[in-house]
Amino acid sequence: MSNQWLAHSARRKGELTIPVQPYGTHLHNTLQMRAQPALEAMLPFYSGKRARIPDRLRTALSWALRFHDLGKLADENQAVLRDVTGDSLTYPHESAGALHCLEHAQTAAAFAIHSHHQGLTNASAEREQYDFQLEGEPCRPFIREGEYTKTAELLPLLLLRHREALAGAPDEFPSTPVQVLQWQAQDLPKHDFCTLEMRLLLSLLVDADHGDTAHHYRQEISVHAPKPRWAERLQKLEDYIAGLGKDKYGRSTPSVRDPLRSAVYRDCFECDPVVPLYACDAPVGSGKTTAVMAYLLQTAIKLNLRRIFVVLPYTNIIQQSVDVYRKALVLPGEDPEQIVAENHHVAEFSSLEARGLTTLWQAPIVVTTAVQFFETLAANATGRLRKLHALPGSAVFIDEAHAAMPLHLWPSMWNRLQELSKRWSCRFVLGSGSLPRFWENVRLFDPPPPPPPAMLQPATMEMGVKGEQGRVVFHSKPEPQTLLSLVDWLKKLPGARLVVMNTLQSAGALARKLAEQGVWTLHLSTALTPAHRERVLREARELLDPEHKPDSGWVMVATSCIEAGVDISFDIALRERSSVSSLIQISGRVNRNGNGSEAEVWDFTASDPLFTNNPSLDAARTVVERAFKTGLFECSAGDAMTVAVEEEWKRKPDPDKVETLSNGEYNWEFAAVAEMSRLIDDDSVTAVVDPALIARLNARERVRHTELIRGSVSLRKAVADKISLGKLDAFRDDRLYVWPENQY
């Protein structure tokens, strides 16, 4: 009898037919093989004050896993599952498990089952169902009107088949309903969990369910997370740092920044791991990348943490950081990709065919984007939430924090960071070469939170400020630049020139015109795949090498993706007017080591039919104009940024967004909060570019998610639809596209 009832149908994969998966097998795998180990790995890091939370999570997850597919046992669904067409189930299978759990007052489990495909819903929608119920409508929270009557009638038969499918295994859960409670708003699991724990519960359920399904259909490559080995990695880091500052013959190559780098490393290394959140405002070229990693490793050792995250605002600096960390942290005999994972852009899929391509957080060290990290913290969708349970017990470095997200999101995200540190043993560092003290802004934070302690000692900070004096000088060109006047200006400037435009179209038009006029030009933007961006940056670094520098000079045309964190140093930089932050950041891409005389950074405005405008920058551009009039760029970077942030918020105040987001989280409006918490307004999708990768995917070969990311680009869904990008033949996912050959 245990094989009579099915969880998944047979599928054809090329010439191979993958057999059916019995219902009992799927339940065993999700509970025993996946969710339970994942939960027990997470729970030791619970550090909240409510001691019963771990047991309640165990109970809720056990109920949710046992009954999440209960509705699949209905006759009409079994008929579909016994076919090989891959058709969708006709009866919504999550309703039965949700109703069974609800009847036994297991509200958290019912909510999770209800959400394990569609994502967490708004609590107001479930309250509305309760109101309908009081008016006599045949519905319940988590079960809609058209589903309730049928589900209530089917439930006894489905539970009988459920026990048969378990083949006599003991079932400690009652099959007859207790006294049905009148469902109220307060009957949400709020008295048990906060919103974070509700998201963690769904994360565990979805990862077990989707992961086992993808594994059964041979779409997901099983990866066993390597051991952290933090102490060994710290020693390897120190050996790596000791070898820096030497040429290929092992001879020392002193730099004027060496004393600052040593002081920054020492200060970070000695920071107390008990502190939940630090601020690290270290100037460019001060070794912040490795210094903060030393702190993270020390903290991971002392607190026995599971993972280290490095969160970056732009995808193109991920590979740069990954290269450093793999050289500095990977031990002999290890696979670098399994130790330091690189997540360039969002690749999260919930469709059955594409689940195996979803990005997960499994490696000891994860380098990811701010979009993926912070939107996961506020997510309701299953594809994105699937990896959240990997975060408790982690040390997190949010680098270039000034560019991490729009200002109005910081209060809600700040609360999430505090919650993760207080309840789940996480530690955070906010880092930047120009970190604004946005937590002091009373328009954003009311009341302002306690300021995070600085990682760097006052003497080190003073050394950094002195080192920045005389490195760059800021200018503003008063005349608006057309495409031709900008090209003429660039042609007259000497050396290696960097120019940053506000939009992809503007950057493309300028790069094309420069190349047409015989100027040696490189182009960098997020319209390129990660693999191609790496190739452009490698060529740029070679051209910046004195041994390979062209006599006539050359130009890099880029978008904002180059301005934060890229370890590259030009002779001069031009920035289309954007924000004070952008100008300060682009100054870190010229005269980076401060070994020469002052380098110029130019602000300019652009006006041409081939240039496109970004109206969202209007308020910030006004602040830039004011900054030149008031001498703001003569202040330290951190002070200038703090003033600029306050001025920008004055000109573009949006207090309603802050309050609405806070109220939404408090009231469990999961879908609304996820929508409001998007760091990028446009809905992004993945478009595969690499022809060889497209062929492998269409042949249903197993592909690692890292291969998918490196061979694809992320773009707005509206753009993908406008230019009529196709879909992969082997996949039915509305977030996975393919770029036609020869058109990329």
Side-chain angles (χ1 to χ4, degrees), residues 289 292-293 296 307-326 337 340-349 357-363 365-379 381 383-388 390-391 394-406 409-410 413 416-417 428-432 504 524-534 537 558-567 581 585 674 677-687 705-717 735:
T289 298
V292 174
M293 179 55 71
L296 299 175
R307 288 182 179 84
I308 288 173
F309 286 81
V310 178
V311 181
L312 299 164
Y314 300 120
T315 57
N316 67 292
I317 57 177
I318 284 180
Q319 189 60 47
Q320 168 188 294
S321 299
V322 165
D323 288 344
V324 170
Y325 292 138
R326 285 178 178 168
E337 289 189 5
V340 181
E342 50 180 311
N343 296 338
H344 287 265
H345 52 250
V346 175
E348 297 157 340
F349 312 104
L357 299 173
T358 294
T359 299
L360 302 175
W361 292 339
Q362 295 175 322
I365 301 163
V366 177
V367 184
T368 188
T369 63
V371 170
Q372 187 176 126
F373 184 81
F374 285 107
E375 288 191 1
T376 298
L377 298 189
R384 180 152 293 181
L385 276 177
R386 185 179 166 187
K387 58 188 175 291
L388 180 63
L391 182 56
S394 298
V396 183
F397 177 27
I398 302 166
D399 199 6
E400 310 299 345
H402 67 278
M405 71 188 81
L409 292 180
W410 263 115
M413 293 302 179
R416 290 185 176 92
L417 300 187
F428 297 94
V429 176
L430 303 179
S432 175
L504 290 170
L524 184 73
S525 78
T526 53
L528 303 176
T529 68
H532 291 149
R533 291 199 297 270
E534 291 165 29
L537 283 171
T559 57
S560 61
C561 67
I562 199 173
E563 66 188 20
V566 180
D567 189 5
S581 169
Q585 284 301 309
S677 298
R678 289 166 61 176
L679 274 65
I680 300 175
D681 290 337
D682 297 318
D683 189 16
S684 297
V685 296
T686 299
H705 74 271
T706 51
E707 295 177 283
L708 174 72
I709 289 173
R710 291 177 63 77
S712 63
V713 295
S714 180
L715 75 165
R716 289 178 293 159
K717 190 176 189 303
R735 310 197 70 75

Distance check, rounded to the nearest 0.5 Å: [X] atom [atom1] versus [Y] atom [atom2]?
{"X": "Leu537", "Y": "Ile562", "atom1": "CG", "atom2": "CD1", "value": "6.0 Å"}
{"X": "Ile318", "Y": "Asp323", "atom1": "CD1", "atom2": "CG", "value": "12.0 Å"}
{"X": "Ser581", "Y": "Glu563", "atom1": "OG", "atom2": "CD", "value": "6.5 Å"}
{"X": "Ser432", "Y": "Gln585", "atom1": "OG", "atom2": "CD", "value": "5.0 Å"}
{"X": "Ile308", "Y": "Ser394", "atom1": "CD1", "atom2": "OG", "value": "9.0 Å"}
{"X": "Leu312", "Y": "Gln372", "atom1": "CG", "atom2": "CD", "value": "12.0 Å"}

Residue pair Thr289, Tyr325: steps toward the side chain to side chain contact (heavy atoms under 4.5 Å, CB included) verdict: CA-CA 9 Å; Thr289 298; Tyr325 292 138; 3.2 Å; yes

To check you understand the geometry: which heavy-atom pair defines the closest contact between [X] and [Y], and what is its length?
{"X": "Arg384", "Y": "Thr376", "answer": "CG-OG1, 3.4 Å"}
{"X": "Leu430", "Y": "Ala401", "answer": "CB-CB, 4.2 Å"}
{"X": "Ser677", "Y": "Glu375", "answer": "O-CG, 3.8 Å"}
{"X": "Leu296", "Y": "Val429", "answer": "CD2-CG2, 4.5 Å"}
{"X": "Ala370", "Y": "Ala404", "answer": "CB-O, 3.5 Å"}
{"X": "Asp567", "Y": "Gln320", "answer": "N-OE1, 2.6 Å"}

Does any part of the side chain of [Y], heavy atoms only, come nearer than 4.5 Å to the side chain of [X], both counted from C-beta?
{"X": "Val310", "Y": "Val340", "answer": "no"}
{"X": "His402", "Y": "Pro313", "answer": "no"}
{"X": "Phe374", "Y": "Leu409", "answer": "no"}
{"X": "Leu417", "Y": "Ile398", "answer": "yes"}
{"X": "Arg533", "Y": "Gln319", "answer": "no"}
{"X": "Arg326", "Y": "Glu337", "answer": "yes"}
{"X": "Met413", "Y": "Phe373", "answer": "no"}
{"X": "Val311", "Y": "Thr368", "answer": "yes"}

Look only at the side chain of Ser525 and the backbone of Ala527, and say whether a donor-acceptor pair between them is shorter than 3.5 Å. yes

Check: Arg307 side chain, Ala390 main-chain N or O, donor-acceptor pair, under 3.5 Å: yes

